[in-house]
Chemist: 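Before I ask anything, let me first share the structure, which is written out below as structure tokens.
Numbers for residues simply follow the sequence, beginning at 1.
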Amino acid sequence: MDFEIGGPLLVAAVVLAVAAAVYAAVLLVKVFRARKLLMDAGVPLRSKALFWAAVIYTVSPVDLIPDPVYLDDIGVLLLALRALHSAATDRSRDGARP
């Protein structure tokens with residue numbers, strides 16, 4: 001058997017898995033930094049619940065796609081960040097109206 005052909009592929013797979021894990025960690029930090037929006041009474045409960053669901057899903061061992069691939073975790077975190085951002089934007093627009 002010739003293992004030299006699979007060596008570069010294995011290295012590339014490991015590098016991609018590490019990059020995805022780092023990206024998921026960065027998004028998780030951004031979600032936690034956005035937690036001050038959770039204290040805002042104007043942010044809907046749905047957005048607040050989505051925040052906690054994203055955090056729980058990211059750290060839970062149960063995934064839609066197995067853990068070496070963090071695409072599902074990244075997608076859930078991006079969805080939570082987008083929901084919090086749009087809720088905050090809607091809240092600021094409503095507050096700016098006379």
Chemist: How does the hydrophobic cluster around Val29 look, that is, which other residues are in it when side-chain heavy atoms under 4.5 Å mark a link?
Modeler: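 Traced through the cluster, Val29 reaches no other member.
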
Chemist: With sequence neighbours left out, what residues match Leu78 under side-chain contact (heavy atoms from CB on, under 4.5 Å)?
Modeler: Tyr23, Leu27, Ile74

Chemist: Which heavy atom of Leu79 sits nearest to which heavy atom of Leu50, and what is that distance?
Modeler: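 Where Leu79 meets Leu50 most closely, the heavy atoms are O-CD2, 3.8 Å.
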
Chemist: Could you go through Leu77 and Tyr57, starting from their C-alpha distance and side-chain angles, then the distance that decides it, and tell me whether this counts as side chain to side chain contact (heavy atoms under 4.5 Å, CB included)?
Modeler: CA-CA 9 Å; Leu77 288 172; Tyr57 183 79; over 6 Å; no

